[in-house]
Amino acid sequence: MKSYIIFDLDGTLLNTIDDLANSTNYALQSLGYPVHGLWVYPSMVGNGVKKLIERALPQEARTEKIIGDTLAAFRAHYDEHCCDATKPYPGIEELLADLTARGINLAVTSNKYNEAVEKIIHHYFPNANFRAILGSTEGMPRKPDPSIVFKALSMCPTPKAQVLYVGDSGVDMETARRACVESVGVTWGFRSIQELQQAYADHIVSTPAQIIELAEK
């Protein structure tokens, strides 16, 4: 039986891609750079907002100053619009309610900046049993470095054998491997099944209900 489930956020609990894309395009356009179609963005996300901005900018514009200016424009827009089009994936609200009812502790660890993570989680999942809500902060290495998972474990001490780490990307699977916890790759997110397989996911699920089955083992 698992007693602590740590979730990635974007592409795992919530489909955030439209709001991320819209804020990135707003920032690009405001600084005079070309924008991208929404379908391009799933391949750009997963390594934090700064890396998203870097990937979205033209190659010749990827200087620290331009990245910084674009990032500032992104954050100003995203802070106001991060819940415009974002929505939970089908079955996620029921999953979190079920896990909470079973007394299973929950956490979210994201490469998105911490202020946005806290706002989004409290907006969409106010009643879930989250013991840790963690985003990117100054001095905290981003996933796949496992430091954020270790911090989540410090906030809810749990034997690693009783932990599941759930995410949608190879970055998430590598994070779990480095943290020495069991990994679950979800197929409804931003990345492919092949990426999860190549990252040696311990389990791959296609519905949230399957996570409950894994938690009960």
Short N-O contact, [X] and [Y], less than 4.0 angstrom:
X: Asp145; Y: Arg178; result: no
X: Asp202; Y: Arg177; result: no
X: Lys143; Y: Glu174; result: no

Donor-acceptor check, side chain of [X] to backbone of [Y], threshold 3.5 angstrom: yes or no?
X: Glu80; Y: Ala76; result: no
X: Lys160; Y: Ala179; result: yes
X: Asn114; Y: Gly135; result: yes
X: Thr100; Y: Asn129; result: yes
X: Ser154; Y: Lys151; result: yes

Item to check | Nearest-0.5 Å distance, OG1 of residue Thr207 to OH of residue Tyr89 | outcome: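 Here the interatomic distance stands at 15.0 Å.
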Checklist entry - When rounded to the nearest 0.5 angstrom, what is the spacing between OH in Tyr26 and CZ in Phe74? => result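 CZ of Phe74 is found 12.5 Å from OH of Tyr26.
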Could you tell me whether the side chain of [Y] reaches within less than 4.5 Å of the side chain of [X], counting heavy atoms only?
X: Val117; Y: Ser110; answer: yes
X: Asn47; Y: Arg55; answer: yes
X: Tyr200; Y: Met173; answer: no
X: Phe190; Y: Ser43; answer: no

Pair [X]-[Y], side-chain donor/acceptor within less than 3.5 Å:
X: Lys119; Y: Tyr78; value: no
X: Asn105; Y: Arg131; value: yes
X: Asp19; Y: Thr86; value: yes

Item to check | Steps toward side-chain hydrogen bond (donor to acceptor under 3.5 Å, both in side chains) verdict (Thr175, Asp172) | outcome: CA-CA 5 Å; Thr175 302; Asp172 292 312; 5.1 Å; no
Checklist entry - Applying the side-chain contact (heavy atoms from CB on, under 4.5 Å) test to Thr12, which of Val184, Asp168, Val108 qualifies? => result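 Single pass found, and it is Asp168.
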Checklist entry - Can you list the residues that meet the side-chain hydrogen bond (donor to acceptor under 3.5 Å, both in side chains) rule with Glu182, with sequence neighbours excluded? => result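 With sequence neighbours excluded, Glu182 shows a side-chain hydrogen bond (donor to acceptor under 3.5 Å, both in side chains) to Lys2, His203, given in chain and number order.
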Checklist entry - Only one of Thr16, Asn25, Asn22 clears side chain to side chain donor-acceptor pair (under 3.5 Å) with Tyr41; which? => result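 The single option meeting the side chain to side chain donor-acceptor pair (under 3.5 Å) with Tyr41 is Asn25.
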Next on the checklist: Using the rule given for side-chain contact (heavy atoms from CB on, under 4.5 Å), can you reason through Phe125 versus Leu106, listing the C-alpha separation, both sets of side-chain angles and the distance that settles it, and then say yes or no?
Outcome noted: CA-CA 11 Å; Phe125 309 119; Leu106 310 175; over 6 Å; no
